[in-house]
Structure formats: C-alpha cells, structure tokens
Protein chains: 2
Amino acid sequence: MEKKPELCRVEDALGILVGKWKPIILLHLLINGTMRFSELKRHMPGITQKMLTKQLRELEEEDIVQRVVYPQVPPKVEYSITEYGRSLEPILEAMHEWGSKHTAHKEEKEKRMAQKEAN
Amino acid sequence: MEKKPELCRVEDALGILVGKWKPIILLHLLINGTMRFSELKRHMPGITQKMLTKQLRELEEEDIVQRVVYPQVPPKVEYSITEYGRSLEPILEAMHEWGSKHTAHKEEKEKRMAQKEAN
DNA sequence: CGGCATCCTTGATGATACTG
DNA sequence: CAGTATCATCAAGGATGCCG
C-alpha cells in the first residue's frame, strides 16, 4: 500500500467504475463478449437509452469499451471490452466477492439486532 | 466471475467506497492506525467538518471503522479500522495499482493526441 | 435502431454559523 | 474538540419527445 495518501490513485479506478450502471454493463460485456446496443439494453431493465448511451460513451472515452458502428439502415452498433478494459476484471471480481460477504455480514448483523429487540 | 450480472454484488462494495473522501479516509486509518477527528481533518485539506463527520458515520454504520468517544472535556474521539474493514484493503490496493497504470495510460494517450495535432 | 435535445427532480457536497 | 443545524449549489440521473 502506498504510504502517501495524497498520491492515492484509488479515485481514478473508482471514477471509472462509478455510475449507476457501469459495473453491470462491464459484466455483461465480459460475459457475452460483443453486444449490440439494444441487446445490452434488453439485459438491463430500468436503464434509459440516455443513460446507457452516456455510460457507454464514458467507458469508451477511457478506452475500456470499444464502439463499432456499422453504416447501414437500420443502424447497428456493437460494443465490446477492450484488451485494456479487461485489466479491470480482477477488481470487479474482488469487489463482487467482497460484496457477497458484506451482504452476509449485514444480514447477520440485522439478525442480531432483531434478537436484541425481542429481549 | 459470477455468470449472472443480475446477482452482481459489485455495487455493494462500490457503495462503501464511493464518497468523495472515503477512500482517502480509509487509507489514512490503514496507515496510521488510530486517529483523532482533528488529526484526520488536518491530513485532509479541503474537507469540511460536516463531510468528515458524515463519511465517518457512514463507514461506522457499515462496521468498517470504529468510533471511540472519551467522555472528557475537551472531547476526544478516536477512529480506527475494524478487523472487518481491513478486508477492504486488497480492493483498495488493487484499485490504487490499477489507477496508477491508468494515469500512465491516459498520459500516453494524450501524448499521442498532441502528436497528431502537430501533424 | 441507436441515438440526441430538453426539462426536471433529487441526492451529494459545500459554506457558514452555532454549541456542549 | 468534535460536532450539529441551516442554507445554497451542482451534477447525476430520469422522463419524454424527436430524428436520420
């Protein structure tokens, strides 16, 4: 661990992952490989086109995802993770694992609280 | 990697780390061990008392940090990472490392862009 | 199909002042 | 010292409609 918090680069990674839908977008692309815009949208109930577009553009800007437009009618746009983007996978995995444990941790805690209530 | 993005727990970890100051607070506590409120504040130029209090309370709520109040005048409150909170360390470290590489990656990219401009 | 433009709501953060 | 309270600001996210 870096001994000078001022030089912390955690924010940089955080900045990439933050966004209500970014992690899930990345997971979909990691699992399915290349996906079309509409396909991606179909897998994410609740997301609006605007948000999906925006988050994808931001990820593209950071070279995490690649956007390929096929000049045809109707339009076809495919998204995929870049080689560089794959370097995020270990972090996503670590966070997922930690998150799973944390969910269990919270449930135990709530159980203890409820027990306390009963007394 | 979990094959069902719907079951993704990345957000849970993300939720803990997100907050303009949380990562840096955690880094300070990880490095220095126990710290007083004012000491923490002194190490983070720019943070307001309100924000520091709020973020610390949120971290406390999740059992990531421990808050110990000494009933005396003037008040003395010490913060430290919990055993549980330490389980976040690998993630912070991974993000820091990735962030450092990403910074380099972006600089290279900008250099290429500037080169292009020149032509 | 895959967007973009607009308008709007809300939560996160900040500035400032006051207090046990 | 370590907060709380109040007010102000601002960007993220959402709803909706139009377009090549």
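Every chain is numbered from 1, with letters handed out A, B, ... down the list of sequences.
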Problem - Short side-chain N/O contact from B:Arg57 to OP1 or OP2 of D:dG3, under 4.0 Å - result: yes

Exercise for the section: Give a yes/no on whether any side-chain N or O of A:Tyr79 is located under 4.0 angstrom from OP1 or OP2 of C:dG3. Expected result: yes

Roughly how many Å is it from [atom1] in [X] to [atom2] in [N], rounded to a whole number?
| X | N | atom1 | atom2 | value |
| --- | --- | --- | --- | --- |
| A:Leu56 | C:dC1 | CG | P | 17 Å |
| A:Leu52 | C:dG3 | CG | C1' | 10 Å |
| A:Glu78 | C:dG2 | CD | P | 9 Å |
| A:Leu14 | C:dA12 | CG | C1' | 15 Å |

Give a yes or no on whether the backbone of [Y] and the side-chain of [X] come within a donor-acceptor separation of less than 3.5 Å.
| X | Y | result |
| --- | --- | --- |
| B:His96 | A:Arg9 | yes |
| A:Glu39 | A:Arg36 | yes |
| B:Thr82 | B:Gln66 | no |
| A:Ser80 | A:Gly33 | no |

Problem - Within-4.5 Å side-chain heavy-atom neighbours: A:His102 and B:Glu62 - result: yes

Problem - Close side-chain approach of A:Tyr79 and A:Val68, heavy atoms under 4.5 Å - result: no

Problem - Contact pattern, 5' to 3', of nucleotides 12-20 of chain D - B, S or - by protein heavy atom under 4.0 Å - result: -BBB----B

Practice task
Using a 4.0 Å heavy-atom cut-off across all strands, classify A:Tyr70 as base, sugar-phosphate, or nothing.
Solution key: nothing

Practice task
Inspect the contact between A:Lys20 and B:Glu11 and indicate whether a charged nitrogen and a carboxylate oxygen are less than 4.0 angstrom apart.
Solution key: no

Fill in the blank from the handout: Contact check, residues 33-42 of chain B vs DNA chain D, heavy-atom distance under 4.0 Å, returns B:Arg36, B:Phe37, B:Ser38

Fill in the blank from the handout: Value for NZ (B:Lys41) from OG1 (B:Thr53), rounded to nearest 0.5 Å, stands at 9.5 Å

Completion exercise
Value for CD1 (B:Ile16) from CD1 (B:Ile91), rounded to nearest 0.5 Å, stands at 10.0 Å

Problem - End axis versus end axis in the helix from C:dC1-D:dG20 to C:dG20-D:dC1, the angle rounded to 10°, five pairs used at each terminus - result: 50°

Problem - Stepwise salt bridge (charged side-chain N to carboxylate O under 4.0 Å, His left out) test for B:Glu78 and B:Arg67 - result: CA-CA 6 Å; B:Glu78 287 185 340; B:Arg67 177 170 179 263; over 6 Å; no

Fill in the blank from the handout: Nearest heavy-atom contact between B:Ile81 and B:Gly85 is CG2-C, 3.7 Å

